[in-house]
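Just below is one structure, and these are the notes that go with it.
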Amino acid sequence: MPLALLALAVGAFGIGTTEFVIMGLLPEVAADLGISIPAAGHLVSAYALGVVIGAPLLAAVTARMPRRKVLIGLMVLFVVGNALSALAPDEHWLLAARFLSGLPHGAFFGVGAVVATGLVAPERKARSVSLMFLGLTIANIAGVPAATLVGQHFGWRVAFLGVSAIGLAAIASLALLLPHDRASAPSTGLRGELGALRSLPVWLALGTTVAGFGALFSAYSYITPMLTDSAGYAETSVTLLLALFGVGATIGNLAGGRLADHSLRGTLFGGLASLILVLALFPVLMSAQWSAALAVLLLGVAAFATGSPLQLMVMEKAATAPSLASSANQAAFNLANAGGAWIGGLALSVGLGATAPAVVGAGLAVIGLAVAAVAHTVDTRRATATTPQRGRVVASHVPGESETVRV
């Protein structure tokens, strides 16, 4: 695997750290700015909104630019957004800075995935995407806990300055390691990129992402009350268990990338089926501490085993103009985050119990598997329709002759 993938992973590490660290620092931010914790929670939404808007927008407007320059520019925007977050004087400035920080997120992963697959042989494409995503999963193991610890002891502003430093390291890595020639964009332009979104297979792949990862976030958004109320863990143990989720996500990401290079569709189906099983068993697994820890690990494995296959599938369905579709898939991930959390919250609000969001998540995963099956059927029918038929017998009637022609 090319060393250039390390540069993409460093950028992914920084993005993953800034996305999730705010959740652990909400009390500190709220106290410093003199606002309530629910009001501080809007900072999470502001970042997610930036991702959803920025992913397709930035990918579209940079369609004709060399991808190496695009990735470096996106990380510059990332550094600026996090530095402004650290310097924000009040809640409104911080909301704007968090929105700005989210803008490059989806486009970086989308364009980065296209670059990563262009650096390797065709049989290693999914593995290359998984290595870029490795930075994101390791951020959940090391980056987020470390930044949270720094923020709690030295102030949340210092934590965001630290994230900006990671962004500077990513810029240096991209400038040094990414090649100029093989990372340049094709000449499809904005019209070609937008044309990719008119494809039914692309939308089915995006729908699979929304439903499949909506299943994950339906459960993961409420993992703390599950661990404390159902499994009996103390709140001080939750951080360690969330790191265990990051370990599972790393394992699933690497395994999913390797398996998808052998069978893209089979890995996707297997990952979604595993996610359904794990989430359906949550009410049982959360009845004891040891099995609850196992459930958190398996949730990470099952969910992230589908990450690389989904990203690669979207790119393949928009093969002539993959950057916008690939970035749109990152927007779909964040829609899944928001939608899954909302649906899981509904299950809690009607009093179905602490593990109800996981059961609801299993239902969402079933929908994701159904959409993936529909996509497979559509692909099969299109392939059949475009494949020349052999052995078809055609009768040719010519006056005075009787002839049969085999096509």
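Given the structure is predicted, the values throughout are model-derived calculations rather than measurements.
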Between atom OG1 of Thr208 and atom CD1 of Ile367, what is the distance when rounded to the nearest 0.5 Å? 11.5 Å

Backbone N/O of Ala55 and side chain of Gln330: donor-acceptor pair under 3.5 Å: no

Please find out if less than 6.0 Å separates the ring center of Tyr220 from that of Phe245. yes

Spell out, as yes or no, whether a donor-acceptor pair under 3.5 Å connects the side chain of Ser218 to the backbone of Pro357. yes

Counting only heavy atoms not in His262, do more than 12 fall under 6.0 Å of its NE2? yes

Does Ile141 reach the side chain of Val247, with side-chain heavy atoms less than 4.5 Å apart? yes

Looking at Ala83, is its backbone amide N or carbonyl O close enough to the side chain of Ser164 to form a donor-acceptor pair, meaning the two atoms are under 3.5 Å apart? yes

Between Leu227 and Val296, is there a side-chain heavy-atom distance shorter than 4.5 Å? yes

Hey, is Arg127 close enough to Asp261 for a salt bridge, meaning N to O under 4.0 Å? yes

Check: Arg68 side chain, Ala175 main-chain N or O, donor-acceptor pair, under 3.5 Å: yes

Apply ring-ring contact (aromatic ring centres under 6.0 Å, His included) to residues Tyr47 and His105 and explain how you reach the verdict. CA-CA 9 Å; Tyr47 183 91; His105 176 131; 5.8 Å; yes

How close do Phe269 and Ala372 get, heavy atom to heavy atom, and via which atoms? CE2-CB, 3.4 Å

Is the backbone of Leu134 close enough, under 3.5 Å, to the side chain of Thr137 for a donor and an acceptor to pair up by distance? yes

Neighbour count >12 (heavy atoms, 6.0 Å) for atom CZ, Arg258: no

With distance as the sole test, does Ser263 use its side chain to make a donor-acceptor pair with the main-chain N or O of Leu259 at under 3.5 Å? no

Suppose we call two aromatic rings close when their centres sit under 6.0 Å apart. Are Phe109 and Phe333 close by that rule? no

For a quick test of reading the model, state the closest non-hydrogen atom pair linking Thr209 to Ala332 and the distance between them. CG2-CB, 3.9 Å

Can you name the residues that form a side-chain contact (heavy atoms from CB on, under 4.5 Å) with Ser173, not counting sequence neighbours? Ala7, Val10

Tell me the side chain to side chain donor-acceptor pair (under 3.5 Å) pairs involving residues 70-97, sequence neighbours left out? Thr18-Asn82

Heavy-atom nearest pair, Pro56 first then Ala331, reads CD-CB, 4.5 Å

Fit a plane to each ring of Phe213 and Phe304, take the angle between them on a 0 to 90° scale, and name the class: parallel (under 30°), tilted (30 to 60°) or perpendicular (over 60°). perpendicular

May I ask you to test the Thr306-Leu275 pair for a side-chain heavy-atom distance under 4.5 Å? no

If only atom types and distance count, is the side chain of Thr250 paired as donor or acceptor with the main-chain N or O of Gly246 below 3.5 Å? yes

How are the rings of Phe160 and Trp156 set relative to one another: parallel (under 30°), tilted (30 to 60°) or perpendicular (over 60°)? perpendicular

So, do Leu348 and Leu352 sit near enough that their side-chain heavy atoms are less than 4.5 Å apart? no

Residue pair Ala365 / Leu272: nearest heavy atoms and the distance that separates them: CB-O, 4.4 Å

Do Leu204 and His376 have side chains that approach each other closer than 4.5 Å (heavy atoms only, starting at C-beta)? no

Within-4.5 Å side-chain heavy-atom neighbours: Ser128 and Leu119: no

Determine yes or no for a side-chain-to-main-chain donor-acceptor pair under 3.5 angstrom, with Arg157 supplying the side chain and Ala88 the backbone. yes

Output the distance between atom CG (Leu174) and atom CZ (Arg67), rounded to the nearest 0.5 Å. 14.5 Å

Side chains of Asn140 and Phe20 in contact at under 4.5 Å (non-hydrogen atoms): yes

Do Glu19 and Asn334 make a side-chain contact, defined as non-hydrogen atoms from C-beta onward lying under 4.5 Å apart? yes

Say whether, by atom type as modelled, one donor and one acceptor occur between the side chain of Ser130 and the main chain of Gly257 under 3.5 angstrom. no

Check Val21 against Ala147 and note the closest heavy-atom contact, atom names and distance. CG2-CB, 3.5 Å

Between Leu241 and Ala293 the two heavy atoms that sit nearest each other are CD2-CB, 4.0 Å

Check whether any side-chain N or O of Asn329 sits under 3.5 Å from a backbone N or O of Val314 as a donor-acceptor pair, and report yes or no. no

